[in-house]
Each structure stands twice: as C-alpha cells, then as structure tokens.
Amino acid sequence: MKKYILLAFLITSFGFAQKTSLYCIGDSTMANKKDPTRNPEHGWAQVLQSFFKEDIVVVNKAVNGRSTKSFINEKRWDSIYAKLRKGDYVLIEFGHNDAKIEDSARYTNPHTAYRYNLIRFVKESREKGAIPILLTSIARRNFNEKGVLVPTHGDYPLETRLVAQEFKVPFIDMEYQTEILEQSYGPEKSKTLHLHFKAGEPPFYDKDKADDTHLSLKGANEIAKIFISQLKKLEDSSLDKLKRGIK
C-alpha cells in the first residue's frame, strides 16, 4: 500500500514540476480586468490561458496604467524576478504609458530609459534561466477621415525592435499584426474590437463609452489568436516547450 502511495506522490510531484510559467508584464491592454462576467473590457493576456494546455500556466502581471518606469519603480518587476525559474517565459509589452510625457512617474525617453528598461527585463530574465519575448504595443483604433489607420506609438515600437535584434530576443511585432487586424475590420466594424457602447448597453456602463485603446472580449480574443499564430511561426529552439504547450 505504501508503495502505491509513494508512486502516486511521485507521479503527482513530477506532473507539478513539469508546469512552466508564462509571465506577462505590460499595461492595461494586457491586464486582467475586474468583474469579467459583467465588465466588457478585457486585456488580451487575460484570455491567454485558454489557448494553452495545463502544463503552461499564464501568470498575468500586467497592470493598468504602467510604463516600464513605473512597473520597475513600484517593485513589480522585482517581485517577478524573485519567482522566475529556469525555463519560464516572460512576455514583455510596454509603450502606451511610457509615452505619457505629462507624467514624470511614467514617461520614458524611447531612446534612453525605455530602451534600457527593456534591456534590464531581458538580461535579468536570462540571469534566472527564463526566456524573454519582446512584443511591440498593440495598435490603437485611430482612423483618420480618409479611413487611414494612423500610428500613435512614436519611436517606442522601433526601440523594441532594435533591442530584440541587438540582444537576439524572440520578437513578435504586435503593432504590425494588430494594424492588419484593425484595417481588415475597417473604421466602423473595428469598433467591435474595442469599447464602443451607448449608456446602459451593456449595463456595466451608465454613460456612453468610446474607447479606441482598450479591448472588448472579442478584441482580446482576436489579439490572443494573433499572438499564438505568430508564436508558432518563430524559429527559435528556446520556444519549443512553449509552442508544445499550445492547444
């Protein structure tokens, strides 16, 4: 009897040991939202677990309103760094709030502080044996009167691309991929990817809502699908375990 109990314990322990954490760090476009059964707003990393098998555990640490600077200064990165294990993954997507030039607690120069904060995330992830993945910010729904999608992120995506190239970091250009998504829907239909509602529709909002940055549940799922499809295309052996964990 004791042998069977020991065997069951070893099997359970082995199964637990095989789980890999996928940490997500970033801003409100990724973050978990309160009251998800009523709240129309969802971060795309909030729905990401449903795309992976049980051996990949999505740990969504993205937080509304954070830039690389505030995420570090609030010790949020330190708390993740302390828990990182060899073989874990870290998705890194910042930029929306780094551009808040009126806010000294969040603003970073894209070519200096932002760049070096990304490098810190990369280097310190690797120190712990974890695998960083750099992502550009998702596009805003920002069509002009001619129906042209106008970029809003300045040089932050460029610096993300350059850091990924220089430090040989797995990279997904979410800005480019979500531009394609927005354009495929067009100026009017793309509202369904975001938060465009009349007051009382749904009941969660008592005032009209027209938010072109944050995501509806549909938008979050569409962007999570983009991430998964692009992840599958990356030719990097360090991602093999993560890719095997996709459903």
Roughly how far, to the nearest 0.5 Å, is [atom2] of [Y] from [atom1] of [X]?
X    : Y    : atom1 : atom2 : answer
S137 : H153 : OG    : NE2   : 4.5 Å
D35  : K33  : CG    : NZ    : 13.5 Å
E41  : Q46  : CD    : CD    : 8.5 Å
I223 : T29  : CD1   : OG1   : 7.5 Å
E201 : D208 : CD    : CG    : 9.5 Å
I92  : F71  : CD1   : CZ    : 10.0 Å

Counting C-beta onward and ignoring hydrogens, is there a side-chain heavy-atom pair between [X] and [Y] closer than 4.5 Å?
X    : Y    : result
W44  : I226 : no
I119 : K123 : yes
F227 : L135 : yes
S21  : R85  : yes
H42  : S216 : no
L118 : T68  : yes
D55  : T20  : no
V169 : I133 : no

Q. Of Y114, F121, Y156, W77, which is the lone residue that meets ring pair (Phe, Tyr, Trp, His ring centres under 6.0 Å) with F94?
A.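 That would be F121; it is the only one of Y114, F121, Y156, W77 passing the ring pair (Phe, Tyr, Trp, His ring centres under 6.0 Å) with F94.
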Q: Determine, for K198 against D206, whether the closest basic-nitrogen to carboxylate-oxygen distance falls under 4.0 angstrom.
A: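 No, no charged N to carboxylate O under 4.0 Å.
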**Q.** R161 and E166 ion-paired at < 4.0 Å
**A.**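 So R161 does not pair with E166 through a salt bridge.
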Within a 6.0 Å radius of atom [atom1] on [X], are there more than 12 heavy atoms belonging to other residues, nucleotides or ligands?
X    : atom1 : value
E54  : CD    : no
E102 : CD    : yes
Q165 : CD    : no
Y116 : OH    : no

Q | Audit row: S70, N97, side chain to side chain contact (heavy atoms under 4.5 Å, CB included) steps and yes/no | A | CA-CA 9 Å; S70 60; N97 298 300; over 6 Å; no
Kindly state each residue pair satisfying salt bridge (Lys or Arg N to Asp or Glu O under 4.0 Å) with at least one member in [range], sequence neighbours excluded.
range            : answer
residues 215-225 : E222-K225
residues 140-153 : R141-D212
residues 237-247 : none

Smallest separation among heavy atoms of [X] and [Y], with atom names:
X    : Y    : value
V163 : R115 : CG2-NH1, 3.8 Å
D27  : R66  : CB-O, 3.5 Å
L242 : Y89  : N-OH, 3.4 Å
Y107 : K69  : O-CD, 3.6 Å
N60  : M30  : ND2-O, 3.0 Å
N64  : A31  : OD1-CB, 3.5 Å

Q: List the steps, then state whether side chain to side chain contact (heavy atoms under 4.5 Å, CB included) holds for L22 with L48.
A: CA-CA 10 Å; L22 172 60; L48 197 54; 4.1 Å; yes
Any link between [X] and [Y] through a network of hydrophobic side chains (Ile, Leu, Val, Met, Phe, Trp, Tyr) touching at under 4.5 Å?
X    : Y    : value
M174 : L231 : yes
L239 : V90  : no
I172 : F167 : no
I138 : L193 : yes
L215 : L149 : no

Q | Remaining members of the apolar cluster that contains Y176, side-chain heavy atoms under 4.5 Å | A |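 Direct or chained contacts put Y176 with I180.
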Q | Members besides L162 in its Ile/Leu/Val/Met/Phe/Trp/Tyr cluster (side-chain heavy atoms under 4.5 Å) | A |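 L158, all in the cluster of L162.
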May I ask you to decide if [Y]'s main-chain N or O and [X]'s side chain share a donor-acceptor pair within less than 3.5 Å?
X    : Y    : value
S190 : E182 : no
N109 : A113 : no
N221 : L217 : yes
N39  : K34  : yes
Q49  : I56  : yes

Say whether [X] and [Y], considering side chains only, have a donor N or O and an acceptor N or O under 3.5 Å apart.
X    : Y    : value
D211 : H196 : no
H111 : E159 : yes
D98  : T108 : yes
T136 : D173 : yes

(Q) So, using ring-ring contact (aromatic ring centres under 6.0 Å, His included) as the criterion, who are the partners of Y23 when residues are at least two apart? (A)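 Testing Y23 for ring-ring contact (aromatic ring centres under 6.0 Å, His included), a comparison that skips the adjacent residues, returns none.
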(Q) Please determine whether salt bridge (Lys or Arg N to Asp or Glu O under 4.0 Å) holds for the pair R106 and D103, giving the CA-CA distance in whole Å, both sets of side-chain angles, and the decisive distance to 0.1 Å. (A) CA-CA 6 Å; R106 293 189 286 177; D103 186 349; 2.7 Å; yes
Q: Begin with the C-alpha distance, continue with both residues' side-chain angles, and end with the deciding distance and a verdict on side chain to side chain contact (heavy atoms under 4.5 Å, CB included) for H214 and H96.
A: CA-CA 11 Å; H214 301 100; H96 278 90; over 6 Å; no
Q) Please walk me through it: do F51 and V58 pass side chain to side chain contact (heavy atoms under 4.5 Å, CB included)? A) CA-CA 10 Å; F51 293 86; V58 175; over 6 Å; no
